[in-house]
Amino acid sequence: MSELADEYRLEYFEEEGFERKECPSCGAHFWTRDHGRETCGEPPCEEYGFIENAGFDDEYSLEEMREAFLSYFEDHGHERIEPYPVAANRWRDDVLLTQASIYDFQPLVTSGETPPPANPLTISQPCIRMQDIDNVGKTGRHTMAFEMMAHHAFNTREDAPDEYAYKGEVYWKDETVELCDGFFDSLGVDLDEIIYIEDPWVGGGNAGPAMEVIFRGVELATLVFMSMEQDPDGEYEMKDGNRYSPMDTYIVDTGYGLERWTWVSQGTPTVYEAVYPDMIEFLKDNAELEHTDDEEQLIHRTAKLAGHMDIDEAEDMETARGEIAAELDVDAGELEALMEPLEDIYAIADHCRTLAYMLGDGIVPSNVGTGYLTRMVLRRTKRLCDTVGVDAPLDELVDMQAKRLDYKNRDTIRDIVRTEVEKYRETLERGGRRVEAMAEEYAEKGEPIPVEELIELYDSHGLQPDMVEEIAADAGAAVDVPDDFYSLVAKRHETPEAADEDEDEDERFEDLPETEKLYYDDQQRTQFEAVVLDVFEREESYDVVLDQTMFYPEGGGQPADQGTLSTDDTTVEVEDVQIEDGVILHRTDESPGKGEFVKGQVDGTRRRQLMRHHTATHIVIHAARQVLGEHIRQAGAQKGIESSRIDMRHYARISREDVKRIESLANDIVMDNTAVTQEWPDRHDAEAEHGFDLYQGGIPPGEQIRLIHVDDDVQACGGTHVARTGDIGAIKVLNTERVQDGVERITFAAGDAAIQSTQRKEDALYEAADVLDVSPADVPETAERFFEEWKGRGKEIEDLKEQLAAARAGGGGGGEEVDIGETTAVIDRIDADMGELRATANALVEEGKIAVLGSGESGAQFVVAVPDDSGVNAGEVVGELASRVGGGGGGPPDFAQGGGPNVADLDAALEDAPDVLRQVQDA
RNA sequence: GGGCCCAUAGCUCAGUGGUAGAGUGCCUCCUUUGCAAGGAGGAUGCCCAGGGUUCGAAUCCCUGUGGGUCCA
């Protein structure tokens with residue numbers, strides 16, 4: 001780390017008279033103008049110095065502070081950029097949530113492949129950090145949702161190759177620190193109080209020098225100078241133990257926590273009171289929380305020390321609280337009773353804001369991905385509300401924040417929250433019953449509920465151990481929750497690492513030029529001419545590379561085209577088409593010959609169906625959006641010839657009514673016969689105009705992206721489309737299903753396939769109508785009547801069988817009667833089903849007789865029933881008889897069944913029955 | 001994307017390969033006519049669907065459908 005020390009010797013520090021010092025308490029190196037200063041100024045080395053001692057000239061609200069920051073940097077040459085969604089997985093697949101402003105520009109801008117939207121730029125980016133969840137409310141400074149205000153500059157080295165999307169240096173370390181100082185100065189801060197702590201940064205494969213900016217005990221900004229990348233041979237070893245070397249791009253990545261700045265400007269005891277004063281008032285009032293003046297005093301004094309409460313750093317909550325209580329000379333229990341409800345309320349306010357961001361940006365709760373995180377936050381919030389006694393509906397609380405954040409989809413947000421709360425209530429109710437039953441069982445045995453059961457309850461039924469404890473206590477059962485409970489759960493999920501199949505990159509195509517894509521020029525054409533650049537032999541086929549092609553390679557959920565390539569001498573079949581690094585490979589059955597001039601013919605019927613389905617996909621999702629809500633977003637799609645399917649994020653099942661409306665809307669668009677158009681705008685312009693909803697089917701790279709317009713719908717898409725919506729002919733929804741919670745799949749057919757699928761369904765209906773001998777319209781009613789009658793007859797038959805059995809037993813209808821000891825046994829062959837045999841046997845037993853009945857109806861079967869105290873074990877008898885027909889049997893001692901495949905031996909077995917009975921009785 | 005759990009009477013659920021059950025609700029009657037009252041009797045069911053194993057499957061195995069839950 002010492003190797004980086006030179007990185008902090010800035011000319012700006014020199015000119016401004018800064019001094020480099022080492023903190024005697026924690027050992028950190030820091031820069032300050034105040035030559036008398038000793039410690040680094042950050043907790044735990046120092047306490048907060050701004051509480052009830054606001055640090056700036058004026059108090060700022062959240063909105064005012066954001067504006068002050070953005071306009072300061074605008075005035076200093078930065079362009080203001082609109083924030084990105086909190087769901088970072090909308091433009092990158094390596095993370096779920098936006099955790100910092102730099103996430104907006106990873107990976108394509110930071111790597112230099114795509115230019116930034118502006119350079120330098122300033123932004124206030126909403127972020128969510130789930131890892132802070134346990135600290136929220138308790139430390140007074142942690143929030144799960146926050147805005148990271150930032151200024152970024154993207155630079156490349158003078159000697160870097162020409163391949164980067166931006167060139168040269170905008171500004172670097174000195175200017176960054178100067179701007180930071182300048183912003184403090186603009187708020188009226190005495191610059192002697194600002195401390196810059198050296199704290200090298202590592203993350204996501206990059207690293208660089210960085211500084212924490214401290215003012216009155218609180219970290220207000222982080223200035224990161226991203227300039228290195230991971231490299232086993234690198235000259236710098238960083239704190240993560242890896243080696244790093246300098247890279248061609250170097251980027252100014254700063255973060256100024258909007259909430260912290262707002263807080264410091266007001267000097268309130270906690271950040272929460274500065275950021276959501278109205279909501280906290282509301283919650284306190286709703287939970288009927290009131291404090292005396294003395295208690296208020298104590299709360300304020302606690303707040304100043306609360307920096308020590310950090311779940312990660314402090315040993316545990318209780319210890320930290322104990323220390324604070326000792327320092328304030330109050331009872332730890334009393335302090336806890338006073339602070340805990342307040343902490344819950346702070347957390348509720350924060351969590352509601354988190355939910356507003358998540359749901360406002362269109363995340364749908366689910367059991368996967370961001371949807372799962374959203375569900376976790378929502379349930380946690382609901383629990384906190386119940387604990388502290390807030391009885392206002394959760395959707396109202398979330399709406400308060402959504403309104404403040406100016407989201408337009410507030411009705412949907414409320415609807416989702418209500419649905420989720422209801423689902424959670426049902427889960428708890430179900431779980432509660434389960435725990436009650438289990439608790440009673442263990443209470444009876446006088447044992448505690450074992451850990452295995454606890455893990456099962458949590459993992460499969462979503463019940464927190466403390467909730468189980470609570471419910472079980474009512475039933476008088478003890479619960480022993482181990483400290484490492486959650487790691488035990490984690491252990492249960494451990495699976496042997498699946499060997500990841502590394503795709504062997506084909507390097508044969510590296511020297512070939514990118515194939516010219518003719519299919520975008522005119523999507524309706526199916527013929528073209530080209531030159532064969534190369535042919536590669538595969539196991540049972542050939543990969544043909546052309547200079548240009550009309551063949552569409554598999555991509556974006558659209559299957560590849562098929563067709564032929566012809567020379568003067570031969571015609572080869574194109575069976576599959578793939579694209580690798582811009583080179584399109586035509587997989588053929590024969591080689592057309594390298595250097596040949598070929599005529600290509602795409603299978604037009606197949607392509608037309610694919611185009612219909614692709615355009616129809618856009619139309620269906622557009623229609624679904626109008627019917628189900630603006631949150632509808634594609635979660636996957638697959639086009640086909642016969643049918644296509646799209647998966648979309650939605651929080652409820654799609655009803656039959658919804659389907660009908662979607663279908664009608666989709667066909668309205670078809671019948672309008674509007675033009676389907678494409679354009680290739682600059683990606684940043686497109687994003688600015690249409691937002692990230694463009695990227696329904698994935699994020700294409702490059703500076704220009706292809707947009708497809710259908711009706712009002714705009715999507716980034718690389719597929720082929722029909723010219724006018726009328727070309728689709730018709731759209732028919734075939735099926736809907738829930739792929740996973742929060743993801744609904746619609747399967748549909750377009751064009752010919754729509755007609756055919758409708759005909760197939762009608763055929764089925766007509767056939768059913770024919771069988772029932774009624775008109776199709778009467779099928780449902782008739783089917784119901786038949787089903788009811790069928791059930792009625794079943795009951796009647798059961799009834800008659802019993803009567804028959806009773807009659808047979810009473811009337812001595814055939815069958816051999818033998819005396820077995822003091823009991824009479826009836827041995828008979830009745831070729832009937834098991835039910836009838838059983839009924840007859842029961843009737844005989846009623847009369848005090850042993851019944852040995854055989855049937856040859858389906859295989860050889862026996863029923864043996866005996867009255868009490870006959871001294872015969874029915875199971876043994878059946879076992880013996882069944883073995884004679886090649887099978888087995890068994891059952892309780894008074895009623896046994898069995899059989900075997902050899903019907904021919906049935907009569908012989910029955911003849912032996914009296915002997916068997918006597919043997920068994922003697923035994 | 002992966003793991004685990006569940007599907008039986010209208011509802012809530014027992015049922016570990018051998019005659020489908022309980023509580024509750026429902027119907028009838030009796031007793032009472034005030035607090036989710038008491039007593040007697042009765043009806044409840046394609047045990048989610050399809051395949052397999054077995055003499056025999058609600059039960060074991062596979063596939064599907066519908067739901068729940070945990071993790072990244």
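Side chains are part of it too, since the values below use all heavy atoms of this structure and drop only hydrogens, waters and symmetry mates. Within every chain, numbering begins at 1; the chains are lettered A, B, ... in the order of the sequence lines, protein sequences first and strands thereafter.
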Identify the two heavy atoms, one from A:Ser644 and one from A:Lys639, that lie closest to each other, and give their separation to 0.1 Å.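 Closest pair (atom of A:Ser644, atom of A:Lys639, distance): OG-CA, 3.3 Å.
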
Atom of A:Cys127, atom of A:Val86 and distance for their closest heavy-atom approach: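 That would be N-CG1, 4.5 Å.
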
Interatomic distance, [X] [atom1] vs [N] [atom2] [rounded to whole Å]:
| X | N | atom1 | atom2 | answer |
| --- | --- | --- | --- | --- |
| A:Glu798 | B:U19 | CD | P | 14 Å |
| A:Phe862 | B:U19 | CZ | C1' | 19 Å |
| A:Asp799 | B:A43 | CG | P | 10 Å |
| A:Glu788 | B:U44 | CD | P | 13 Å |
| A:Gln897 | B:G17 | CD | C1' | 11 Å |
| A:Glu857 | B:C55 | CD | P | 18 Å |
| A:Ile654 | B:G66 | CD1 | C1' | 15 Å |
| A:Arg649 | B:G1 | CZ | C1' | 12 Å |

[X] and [Y] ion-paired at < 4.0 Å:
| X | Y | result |
| --- | --- | --- |
| A:Glu436 | A:Arg433 | no |
| A:Glu663 | A:Lys660 | no |
| A:Asp386 | A:Lys382 | yes |
| A:Glu429 | A:Arg425 | yes |

Has A:Phe895 got its ring stacked on B:U19, by the test of a centre gap below 5.5 Å and a plane angle below 30°?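 Given the distance and angle limits, yes, they stack.
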
I'd like the [atom1] distance from [M] over to [N], given in whole Å.
| N | M | atom1 | value |
| --- | --- | --- | --- |
| B:C26 | B:G51 | C1' | 38 Å |
| B:C30 | B:U19 | C1' | 33 Å |
| B:U8 | B:G15 | P | 14 Å |
| B:A37 | B:G10 | C1' | 23 Å |
| B:G50 | B:C55 | P | 23 Å |
| B:A43 | B:U33 | P | 31 Å |
| B:C13 | B:U53 | C1' | 29 Å |
| B:G2 | B:C11 | C1' | 35 Å |

So what does [X] touch, heavy atoms closer than 4.0 Å: a base, only the sugar-phosphate, or nothing?
| X | result |
| --- | --- |
| A:Arg434 | nothing |
| A:Glu426 | nothing |
| A:Tyr458 | sugar-phosphate |
| A:Arg653 | sugar-phosphate |
| A:Met376 | sugar-phosphate |

Counting only N and O atoms by type, is there a donor-acceptor contact under 3.5 Å from the side chain of A:Asn902 to the main-chain atoms of A:Asp905?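 Side chain of A:Asn902 to backbone of A:Asp905: no pair is present.
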
Would you say a side-chain N or O of A:Arg433 is under 4.0 Å from OP1 or OP2 of B:A14?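 Result: no.
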
Looking at A:Lys791, does any N or O in its side chain come under 4.0 Å of the phosphate oxygens OP1/OP2 on B:G45?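 False: A:Lys791 side-chain N/O out of range (4.0 Å or more) of B:G45 OP1/OP2.
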
Shortest side-chain distance from [X], nucleotide among [options]:
| X | options | value |
| --- | --- | --- |
| A:Asp894 | B:C5, B:U19, B:G18 | B:U19 |
| A:Asn842 | B:U65, B:C4, B:U19 | B:U19 |
| A:Pro892 | B:G67, B:C55, B:G18 | B:G18 |
| A:Trp790 | B:C46, B:G66, B:G68 | B:C46 |
| A:Lys795 | B:C46, B:G45, B:C4 | B:G45 |
| A:Ser460 | B:G68, B:G18, B:G67 | B:G68 |
| A:Arg430 | B:G68, B:C70, B:G1 | B:G68 |
| A:Asp741 | B:G1, B:G68, B:C4 | B:G68 |
| A:Asp459 | B:C5, B:C70, B:G1 | B:C70 |
| A:Thr427 | B:G67, B:C70, B:U69 | B:U69 |

Just so I know, are the side chains of A:Pro559 and A:Gln638 near enough to count as touching, which here means a heavy-atom distance under 4.5 Å?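 Yes - at least one pair of side-chain heavy atoms lies under 4.5 Å apart.
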
Can you find a heavy atom in the side chain of A:Val903 that is under 4.5 Å from one in the side chain of A:Val885?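 Heavy-atom side-chain distance check fails, nothing below 4.5 Å.
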
Name the stems with RNA chain B in them: runs of three or more consecutive Watson-Crick or G-U pairs, distances under 3.5 Å?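 The stems that RNA chain B takes part in, listed by first number, are B:1-7 with B:65-71, B:10-13 with B:21-24, B:26-30 with B:38-42, B:48-52 with B:60-64.
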
Among A:Thr98, A:Thr370, A:Asp361, A:Asp693, exactly one meets side-chain hydrogen bond (donor to acceptor under 3.5 Å, both in side chains) together with A:Arg90. Which residue is that?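 With A:Arg90 as partner, A:Thr98, A:Thr370, A:Asp361, A:Asp693 yield a single side-chain hydrogen bond (donor to acceptor under 3.5 Å, both in side chains), made by A:Asp693.
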
Could you check whether the rings of A:Phe485 and A:Tyr458 sit parallel, tilted or perpendicular, using 30° and 60° as the cut-offs?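 Because their plane-to-plane angle is over 60°, the rings of A:Phe485 and A:Tyr458 count as perpendicular.
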
Got a sec: does the CZ of A:Arg793 have more than 12 other heavy atoms crowding it under 6.0 Å?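 Count not over threshold, so no.
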
Without hydrogens or angle criteria, can the side chains of A:Gln919 and A:Glu880 be said to hold a donor-acceptor pair below 3.5 Å?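 No, no side-chain donor-acceptor contact under 3.5 Å.
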
A:Phe692, A:Tyr103, A:Tyr695 screened by ring-ring contact (aromatic ring centres under 6.0 Å, His included) with A:Tyr84, the one that passes: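 Exactly one option meets the ring-ring contact (aromatic ring centres under 6.0 Å, His included) with A:Tyr84, and it is A:Phe692.
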
Close approaches to RNA chain B from residues 898-914 of chain A, in residue order (heavy atom, under 4.0 Å):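 Those residues are A:Gly898, A:Gly899, A:Gly900.
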
Return the residues of residues 362-370 of chain A meeting this criterion: a heavy atom under 4.0 Å from some atom of RNA chain B. Order them by number, or give none.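 Contacting residues: A:Asn367, A:Val368, A:Gly369.
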
Does the pair A:Arg379 and A:Thr427 meet the rule for a side chain to side chain contact (heavy atoms under 4.5 Å, CB included), with working shown? CA-CA 11 Å; A:Arg379 293 187 172 188; A:Thr427 293; 4.1 Å; yes

